[in-house]
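All heavy atoms count here, side chains included; hydrogens, waters and symmetry mates do not.
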Amino acid sequence: QVRLVESGGGSVQAGGSLRLSCVASPDATGSDCMGWFRQTPGQEREGVAAIDVVGYTVYADWVNGRFTASRDNGKNTLYLAMNRLNAEDTATYYCAARPGRCPWNAVATRSGWTYWGQGTQVTVSS
């Protein structure tokens, strides 16, 4: 069983930046592929980015280079650096993990993701 704990959310003005973190415990077993999803009230949870242990990374098309996913395997930690934030990025951001390498469609669906964090709120004011 893997526990995922997100941090780094908060409030920021449009155009600003935030960096989210997600720590997997007690270790990263079963977290070969880790990713970020986000959700707003009444909407489906949508994929943002995913990265596996060898660095293969996939992003949702709408990211357009504004976000960067990375991970520190030694610290069992996943990051999401978010730049040029806008009001549409306001959401609860969830960390997720699954065994095995990230498939090419890792962020296309919630299906296949085994573990989920509790989420961290990001609010962008315009």
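Considering all non-hydrogen atoms of both residues, Gln1 and Pro26 come closest at O-CD, 3.6 Å. Minimum heavy-atom separation, Val2 to Ser31: CG1-OG, 3.6 Å. Closest approach of Tyr56 to Cys102, counting heavy atoms only: CE2-O, 3.4 Å. Of all non-hydrogen atoms in Leu20 and Gly9, the two that sit nearest each other are CD2-N, 3.6 Å. The two residues Arg38 and Phe67 make their nearest non-hydrogen contact at NH1-CE1, 4.3 Å. Nearest heavy-atom pair, Gly10 versus Leu18, reported as atom, atom and distance to 0.1 Å: O-CD1, 4.0 Å.
Between the Glu6 side chain and the Gly119 main chain, a donor and an acceptor come within less than 3.5 Å of each other. Formation of a donor-acceptor pair under 3.5 Å by the Thr77 side chain with backbone atoms of Lys75 is found in this model. A side-chain donor-acceptor contact under 3.5 Å links Trp113 to the backbone of Ala106. Thr90 places a side-chain N or O within donor-acceptor distance of the main-chain N or O of Val124, the cut-off being under 3.5 Å. Formation of a donor-acceptor pair under 3.5 Å by the Asp32 side chain with backbone atoms of Pro99 is not found in this model. Not a single donor-acceptor pair under 3.5 Å links the side chain of Tyr93 to the backbone N or O of Gly8.
With hydrophobic clusters built from ILVMFWY side chains whose heavy atoms lie under 4.5 angstrom apart, Leu80 shares a cluster with Val63. Under the 4.5 Å side-chain heavy-atom criterion for Ile, Leu, Val, Met, Phe, Trp and Tyr, Val107 and Trp104 are members of the same hydrophobic cluster. Side-chain heavy atoms closer than 4.5 Å link hydrophobic residues (I, L, V, M, F, W, Y) into clusters, and following such links, even through other members, never connects Val122 to Trp116. Linking Ile, Leu, Val, Met, Phe, Trp and Tyr whenever their side-chain heavy atoms come within less than 4.5 Å leaves Phe37 and Ile51 in two separate clusters.
Proximity of Met82 to Val48: side-chain heavy atoms (C-beta onward) are nowhere separated by under 4.5 Å. Within the 4.5 Å cutoff, side-chain heavy atoms of Trp36 are placed close to those of Cys95. When side chains are defined from C-beta on, Glu88 does not count as touching Trp62, because their heavy atoms never get closer than 4.5 Å. Considering only heavy atoms from C-beta on, Leu4 stays 4.5 Å or farther from Leu78 through its side chain.
Around atom CD of Gln121, more than 12 heavy atoms belonging to other residues, nucleotides or ligands sit under 6.0 Å away.
There is a side-chain donor-acceptor pair under 3.5 Å between Asn73 and Arg71.
Within the cation-pi definition used here (under 6.0 Å to the ring centroid, within 45° of the axis), Arg45 qualifies as a partner of Tyr94.
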